[in-house]
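Everything on this sheet refers to the single structure shown next.
Residue numbers begin at 1 in each chain, while the letters A, B, ... track the order of the sequences.
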Number of protein chains: 2
Amino acid sequence: MSSVVLEEPDIRTGDCIDVLKKVPDGSVNLIVTSPPYGAQRKDTYGGIPPDQYVDWFLPRAVEFKRTLAADGSFILNIKEHADSGQRHLYVHKLVIALVEQQGWRLVDEFIWHKKNSSPGKWPNRFRDAWEHVFHFTKNPGFKFRQDQVKIQAAASTLNRAKHLGVRDFEMTAPETGSGLKRCVANCVGRELVYPSNVLHLSAETGNQGHSAAYPVALPEFFVKLMSAPGDLVMDPFAGSGTTGVVCRMHGRRFLGIDIHKENCDLCRKRWEQTPPSENDEEAAGQ
Amino acid sequence: MSSVVLEEPDIRTGDCIDVLKKVPDGSVNLIVTSPPYGAQRKDTYGGIPPDQYVDWFLPRAVEFKRTLAADGSFILNIKEHADSGQRHLYVHKLVIALVEQQGWRLVDEFIWHKKNSSPGKWPNRFRDAWEHVFHFTKNPGFKFRQDQVKIQAAASTLNRAKHLGVRDFEMTAPETGSGLKRCVANCVGRELVYPSNVLHLSAETGNQGHSAAYPVALPEFFVKLMSAPGDLVMDPFAGSGTTGVVCRMHGRRFLGIDIHKENCDLCRKRWEQTPPSENDEEAAGQ
DNA sequence: CTGCACTATGAATCGCTAA
DNA sequence: GTTAGCGATTCATAGTGCA
């Protein structure tokens, strides 16, 4: 029950390339972000044209790397869009540039499987139901607390838990909107297994006017996995502040940056509306 | 019930870059293949080093493009491996080169979610449970018969949804027949639904001694979707001949190429052991 | 037909040791 | 230092058979 004393969230308005200039080297423990995608969202972000995307992103990533702690991670959620029947290549090019030009280590690529992706039928493609989530680090060693993100096993595996009644499992069912189970204390000892690098999460609905749907469970997974209570988590494209919500839920400090004042206001509002973490859940996870 | 008269499979031993020289322009309707991955399989393929992978692949892709019909598709299943804590980049580089140097159109990227991925627990990553499946074409127009791959909600699926709790909606359930899986929740109340670009398949068991597990359901999906009965399907890295098996099952002609005579023998054997298509299933699919 | 028990197996990765 | 080779280790799931 060692409560972490939470400061107010640090929400700053501006382009992260400028704002981060004032952030000290190595002071950020984890970066989790979903940057503006290609040119689709012109109204919201100004629309970075696909052929300028890498050049736009790279100087910002320099600041990300500088401000990130030696054992920190950079989680990048992104998806190339289709245009004239083809997928753009800027995501592939960005990954290569981050590794080869900036020295990031590409540890792994997670797949976010969006279970309830928007319906629709096109003559030349199916519904797009996934997005990239790249895991970059600065060094071979980084925080990776696997026991914090165990999930419930599939039914076939649960045969081993036959002693337990079905109702027990229903009681530990995931919260609405979260495909990843909250590993609270009463789940421990049941059938919890390690996840793989494919994350099955529903895209969130009702995202408070922000244009990019970003379910709480996505940053939650990485915040729990790659940071500890009291750590500083940064989202340079904070949007509606979902990463910040997760930070408040789990006792992390939050630095959110967004170029639009309206988004920054929304970040603060959602932080206020989120109940802070009451106990040190990390101990229970062990 | 219009049976397609099937020729014997055309299995040729050699490097596809040489063998394809004798194949006429535009004579192949669909290419489905899983090339040798990075340097892992030295015994089987000679092990292409990651830093030479793109240069090794590109001249072969030239032949793929030349022999492919104008409305054909090229399906490429591949996965970069991890090495010293990092994922290699040759897959990203290959995709860019295929598009920008050779003029392929990258229509979409499917994700093959391997439900039974290889075991292991490491300090810095989770189990790898997915592979890329890239869809390339030569032109904007291509065969895309979506109704052939609609997914049925199995009766057992609906029953289970009734009997079990919320947790069951997190899982996927088997489709009757092809082995494609679907999220239960999306199936409730519907008989046939279109799939998304995330394919949930288990890796195959008992793959007859070949090193690469390539489940029948994977090429089957693309053969049904992107070719018609009587079409010629080509696999330039045929391996154990799983693509050929699918061709016999669905009344397609097959051109299989492999550098190892043992694999070619295996391809023929598996073709022989596969019951040919008896009826024109295409009509039923509508 | 359901439910349960048991078993087989999957394109792997890390880290150490030797050259 | 640097690389290459090899061994030890890892676990969720599907599938099958039987009560």
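- Rounded to an integer number of Å, the gap from CH2 of B/W122 to C1' of D/dT10 is 7 Å.
- Rounded to whole Å, atom P of C/dA11 lies 18 Å from atom CD1 of B/I48.
- Closest approach to the B/P123 side chain among C/dG15, C/dT13, D/dT13 is made by C/dG15 (side chain taken as heavy atoms from C-beta onward).
- Nucleotide C/dC14 holds its C1' atom 17 Å from the CZ atom of B/R127, rounded to whole Å.
- In this structure, CD of B/E131 is placed 6 Å from C1' of C/dA11, rounded to the nearest angstrom.
- Minimum heavy-atom separation, B/L68 to B/S73: CD1-O, 3.7 Å.
- Taking only side-chain nitrogens and oxygens, B/S118 never comes nearer than 4.0 Å to OP1 or OP2 of C/dG10.
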### Message
Only Watson-Crick and G-U wobble pairs with both distances less than 3.5 Å should count. Give DNA chain D in dot-bracket notation, marking inter-strand partners with |.
### Response
.||||||||.|||||||||
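- Taking the six-membered ring where tryptophan is involved, the planes of A/F126 and B/F221 are tilted, since the angle between them lies from 30° to 60°.
- Comparing atom distances between the B/K115 side chain and each of D/dA12, C/dT13, D/dA14 picks out D/dA14 as nearest.
- The heavy-atom pair separating B/P123 from A/F144 by the smallest distance is O-CD2, 3.2 Å.
- Checking B/K114 against B/S84, the closest nucleotide of DNA chain C that is more toward the 5' end is the one next to B/K114.
- Between B/F237 and B/W56, the ring-plane angle classifies as tilted under the 30° and 60° cut-offs.
- Relative orientation of the A/W130 and A/H132 rings is perpendicular, given thresholds of 30° and 60° on the angle between their planes.
- Across the protein-nucleic acid pair, A/F144 atom CZ and C/dC14 atom C1' stand 14 Å apart, rounded to whole Å.
- Side-chain N/O atoms of B/R125 include none lying less than 4.0 angstrom from OP1 or OP2 on D/dT10.
- Note: CG (A/N197) to P (C/dA12) measures 14 Å, nearest angstrom.
- Taking NZ of A/K143 as the reference point, atom CD of A/Q148 lies at 12.0 Å (rounded to 0.5 Å).
- Proximity note for B/P119 (side chain, C-beta onward) versus D/dT13, D/dA12, D/dT10: the nearest is D/dT10.
- Atoms CG (B/N116) and C1' (C/dA12) sit 14 Å apart, rounded to a whole Å.
- Ion pairing of B/D10 with B/R12 is present here, as a side-chain N (NZ or NE/NH1/NH2) and a carboxylate O approach within less than 4.0 Å.
- Only the C1' atoms considered, D/dT10 is 13 Å distant from C/dT9, to the nearest whole Å.
- Put simply, CG on B/N124 is 17 Å from P on C/dA12, counting in whole angstrom units.
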